[in-house]
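Step one of this worksheet: look at the structure below.
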Amino acid sequence: MKMSRLLPLAALLCAAGAWADGGLDYGRYGIDLNGIDPAVRVQDNLSLHANGRWIQRTVIPAERSSAGVAEALADRNLERLRQLIEQAGQGTDAEAGQIAALYRSFMDEDVVARRGLEPLRESLRAVAGLGTAAEAVRYMGRLQDQPVDTPFRFYVGQDPKDSAAYLAGVGQSGLAMDQDYYLGKSADFAAARKAYLSYLERLFALAELDQPQSRARDVLAFETRLAKIQWTNVENRDIQKTYNKLSLAELARRQPGYDWPALLADAGLDAAKQLNLDQPGYLSKLAPLLRAAPASTLRNYLLARTLDAYAPSLTPAFVDAHFDFYGKTLEGRKQNRPRWKRGVGMVESGLGEALGKLYVARYFTPEAKRQADELVRNLLQAYDQSIDTLDWMSAATKRQAHIKLSKYTLKIGYPDKWRDYGGLQLAPDDLAGNVRRIAVFNYRYMSGKLGQPVDRKEWSMTPQTVNAYYNPANNEIVFPAAILQAPYFDPGFDPAVNYGSIGATIGHEISHGFDDQGSQFDGDGNMRNWWTASDKARFKAATRKLVKQYDRYQPVPGHHVNGELTLGENIADNAGLEVAYKAYHLALAGKDAPVLDGMSGDQRFFIAFAQSWRSKSRDEATLKQLVSDPHTPDLWRPIGTASNMEPFYQAFGVKPGDKMYLSPKQRFHLWW
């Protein structure tokens, strides 16, 4: 189950009243009246009506690919983290010393420039010494604990069919861009390939390797061959198809093109008794592709992947080359983020929970945690009541749904037990070395889980992450501290606003346990069918309707939303909003909501929902999202969800002929 990206959730720390940041003003009760564009009929486009004036006056910062609510909150968070990191440098405890060393290694540009390519010399020599394809494949196995990508990637995670045990696995990898960029016929994809070729040439030239142009063409051709045999993003969402657990004996018979004992030993997984193959068809085709490739091609490929992995940690010329491709070409950004922001990001990725402890102590209170827990439980109760009202689900399946919901684990704010970084040694004058040591530390932490009891208290996000997620293996919903702050929720805001923003998003995360993927897991986190055949058929019929609906949306000219790729998130959006609306009316306890600024409670509910997804994005970034991200672009999320809900039609008088109108037969309902 993929984690949700930058989801607006609760905020429990600020007093009610006006809150403005990054050009966002939520007034006295949570609605930004100045951002509404009355020239756009809400019946035609909820997002542009609720956000049109804000979009017109907002300029995306040069360093960003988008602007909006989430970005403003993330920027405020970066400032807070910077202060914590700089203050940690004055501390004397071991973790403070690690934080200071890592940040200093990134910020000391003179040392980075002086060292040049020296930190990579050993790795570059090792690649240059590979004489055969077999040697190259073994080397790829040894790279598993490095930040360098390869055509396959080993991992350790919970067994989908036995969530109490860890399982080693291997999946496809090794491409710099998403598959569509290599194979797509449109002018956008062709331009990206041309830019990638130039980027590869720059890397080879900066590394003072001969024939940079021919090497670059060689790498692009090889990666294109990889792209042709890899599974699509839609195929990779099929959790049944990607579950292929084999014993080592079965592995040797079914995938004879690899020396599996040697590969597993090189990858530090020689203790594995079984291995899951995420994409067995790809692995079957990869073996002959690697054998047929000239050793020089594999060397060029591995050199490129090595230089690409470390480019942000090398001299300014490498940093600029990396940004020009990934930042400018693929995301449309005009300039790189300030170095201090990238340095904060480095500390977050390397010492996330150590920094998280400092963040929680400064910015997250026990009262905030208590109120967040209460809000989530209110939504769970509304969900539980909704199950009983479903006319498409049988009594037998409803019983199982109630059981699963009752077993949800809530994680609010921060983990009960913090991660120990004592074994990680960092140097204040070796940035690239620190990148390598962090990768090794994290990989060994992951691979060391094999054969150990599953730690269900572990978090997959740090407390300072502006995000949230549902994890089916633990049947848990997780809300880090950083998203529990204004402007997404305030106790003094209008209840319609709180339920339309935080309520819909909490409902979204709860709903992931019942989307097309999460519904295949039971309350204990095991992949098991708990549906009757007829209920599952009705569920699939309803979701096919949703796929067709979202396939019609075209955020970038010539490029549509992929309804199959985004199905799980779209189910969660729709179900989450439905349940949030029910919870809002339960909270009213039969009383009428007041009319504020001419808006009824239901109208404010939908306007708040649309403003919580306020965003303005560059086309390049939106295109990248369309081909690789399971989320529908932000401005289309309120359109897709509200157009399925009868209360929206009633609140705004939506009629046939309006652009938001869907006929009753076209509307998707799951928990209504």
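The basis for the numbers below is simple: all heavy atoms, side chains too, and nothing from hydrogens, waters or symmetry mates. This structure is a prediction, so every number in the text was calculated from the model and none was measured.
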Is the backbone of Asn378 close enough, under 3.5 Å, to the side chain of Gln381 for a donor and an acceptor to pair up by distance?
-> no
Report the relative orientation of the aromatic rings in Trp530 and Phe514; use parallel for angles under 30°, tilted for 30 to 60°, perpendicular for over 60°.
-> perpendicular
Under 3.5 Å donor-acceptor, Arg436 side chain and Pro119 backbone | yes
Residue of the set Leu380, Thr505, Val579 for which side chain to side chain contact (heavy atoms under 4.5 Å, CB included) holds with Ile510 | Leu380
For residues 149-170, the salt bridge (charged side-chain N to carboxylate O under 4.0 Å, His left out) pairs (sequence neighbours left out) are Asp159-Lys245
Between the main-chain N or O of Ser247 and the side-chain N or O of Glu250, is there a donor-acceptor pair closer than 3.5 Å?
-> yes
CA sep, side-chain torsions, deciding dist, call: Tyr470, Tyr408, ring pair (Phe, Tyr, Trp, His ring centres under 6.0 Å) = CA-CA 10 Å; Tyr470 170 78; Tyr408 265 46; 5.6 Å; yes
Would you please classify the geometry between the Trp260 ring and the Phe154 ring as parallel, tilted or perpendicular, with 30° and 60° separating the classes?
-> perpendicular
Is the shortest side-chain N to carboxylate O distance from Lys411 to Glu476 below 4.0 Å?
-> yes
pair Asn570-Thr632: side-chain heavy atoms closer than 4.5 Å = yes
Taking the side chain as C-beta and beyond, is there a heavy-atom pair between His322 and Val319 under 4.5 Å?
-> no
Check: Asn276/Asn244 side-chain N/O donor and acceptor closer than 3.5 Å = no
Could you verify whether a donor N or O on one side chain and an acceptor N or O on the other, from Gln87 and Gln83, lie under 3.5 Å apart?
-> no
When every non-hydrogen atom of Ser313 is compared with those of Val112, the smallest separation belongs to O-CG1, 3.7 Å
Can you tell if the side chain of Glu458 reaches within under 4.5 Å of the side chain of Asp416, non-hydrogen atoms only?
-> no
Under the salt bridge (Lys or Arg N to Asp or Glu O under 4.0 Å) rule, what do Arg437 and Asp430 come out as? Steps first, then yes or no, please.
-> CA-CA 10 Å; Arg437 284 184 282 272; Asp430 185 13; 3.1 Å; yes
Non-hydrogen side-chain atoms of Glu79 and Trp340 separated by less than 4.5 Å = yes
What distance do Ile99 atom CD1 and Glu348 atom CD have between them, rounded to the nearest 0.5 Å?
-> 11.0 Å
Within a strict 4.5 Å, meaning less than it, do heavy atoms of the Asp145 and Asn442 side chains meet?
-> no
Using the six-membered ring of Phe609, assess whether NZ or CZ of Arg637 lies under 6.0 Å from its centre and within 45 degrees of the ring axis.
-> no
Should Leu264 and Leu275 count as side-chain neighbours, where that means a heavy-atom distance under 4.5 Å?
-> yes
Do NZ/NE/NH1/NH2 and the carboxylate oxygens of Asp455 and Lys417 come within less than 4.0 Å?
-> no
Evaluate side-chain contact (heavy atoms from CB on, under 4.5 Å) for Gln520 paired with Trp531, printing each intermediate quantity in order.
-> CA-CA 9 Å; Gln520 299 181 59; Trp531 296 68; over 6 Å; no
If you measure only the distance, is there a donor-acceptor pair under 3.5 Å linking the side chains of Thr242 and Gln279?
-> no
Is there a donor in the side chain of Thr150 and an acceptor in the side chain of Gln144, or the other way round, less than 3.5 Å apart?
-> yes
Could you go through the side-chain contact (heavy atoms from CB on, under 4.5 Å) check for Val148 and Asp308 one step at a time?
-> CA-CA 8 Å; Val148 181; Asp308 177 59; over 6 Å; no
Does the Asn475 side chain pair with the main chain of Gly523, one donor and one acceptor, at a distance under 3.5 Å?
-> yes
Does a salt bridge link Lys341 with Glu63, judged by any charged N lying under 4.0 Å from a carboxylate O?
-> yes
Quick one: sort the His508 and His631 rings into parallel, tilted or perpendicular, breaks at 30° and 60°.
-> parallel
Chi angles and distances behind the side chain to side chain donor-acceptor pair (under 3.5 Å) call for Thr641, Asn574 = CA-CA 5 Å; Thr641 49; Asn574 280 267; 5.4 Å; no
Is there a salt bridge (Lys or Arg N to Asp or Glu O under 4.0 Å) between Lys407 and Asp524 once you walk through the steps?
-> CA-CA 7 Å; Lys407 293 184 176 182; Asp524 296 318; 3.2 Å; yes
Between Asp373 and Arg370, does at least one N-O distance fall below 4.0 Å, as a salt bridge requires?
-> no
Got a second to check how far Leu405's CG is from Lys398's NZ, nearest 0.5 Å?
-> 14.0 Å
So which heavy atom on Phe521 is nearest to which on Lys404, and how close?
-> O-NZ, 2.7 Å
In sequence, state the C-alpha distance, the side-chain angles, and the governing distance for Glu71 and Arg64, and then conclude on salt bridge (Lys or Arg N to Asp or Glu O under 4.0 Å).
-> CA-CA 9 Å; Glu71 289 82 357; Arg64 282 200 171 277; 5.4 Å; no
Could Glu235 and Lys241 be called an ion pair, given the rule that one side-chain N must be under 4.0 Å from one carboxylate O?
-> yes
Gln274 side-chain N/O to Leu246 backbone N/O, donor-acceptor pair under 3.5 Å = no
Cut-off 3.5 Å, side chains only: do Asn526 and Ser163 have a donor facing an acceptor?
-> yes
So which heavy atom on Val435 is nearest to which on Pro147, and how close?
-> CG1-CG, 4.0 Å
Under 3.5 Å, is there a donor-acceptor pair linking the side chains of Tyr243 and Asp278?
-> no
Kindly indicate whether the side chain of Tyr499, heavy atoms from C-beta on, has any atom under 4.5 Å from the side chain of Leu379.
-> yes
Is the NZ or CZ atom of Arg342 both under 6.0 Å from the centre of the six-membered ring of Phe106 and within 45° of that ring's axis?
-> no
Tightest non-hydrogen contact, residues Gln452 and Gly448, listed as CG-O, 3.4 Å
Checking Gln464 side chain against Gly352 main chain: does a donor-acceptor pair fall under 3.5 Å?
-> yes
Side chains of Leu73 and Arg76: does their closest heavy-atom pair fall under 4.5 Å?
-> yes
Row check, Tyr414 ring normal vs Lys369 NZ/CZ: under 6.0 Å, within 45° | yes
Say whether Arg80 and Asn77, considering side chains only, have a donor N or O and an acceptor N or O under 3.5 Å apart.
-> no
Side-chain donor-acceptor pair under 3.5 Å between Glu569 and His512, yes or no?
-> yes
If you measure from CG on Leu143 to CE on Met140, what distance do you get to the nearest 0.5 Å?
-> 8.5 Å
Presence of salt bridge, Arg82 and Glu86, under 4.0 angstrom = yes
For the pair Asp429 and Arg104, find out whether any cationic side-chain nitrogen is under 4.0 Å from an anionic carboxylate oxygen.
-> no
Does a donor on one side chain and an acceptor on the other come within less than 3.5 Å for Asp266 and Tyr139?
-> no
Within 6.0 angstrom of Arg339 CZ, more than 12 heavy atoms from elsewhere | yes
Minimum-distance pair of heavy atoms, taken over all atoms of Arg456 and Ala164 = NH2-N, 3.8 Å
Measure across Arg305 and Ala176 and return the closest heavy-atom pair with its distance rounded to 0.1 Å.
-> NH2-CB, 3.7 Å
Rounded to the nearest 0.5 Å, what's the gap from CG on Asn498 to CG on Leu375? Could you check?
-> 7.5 Å
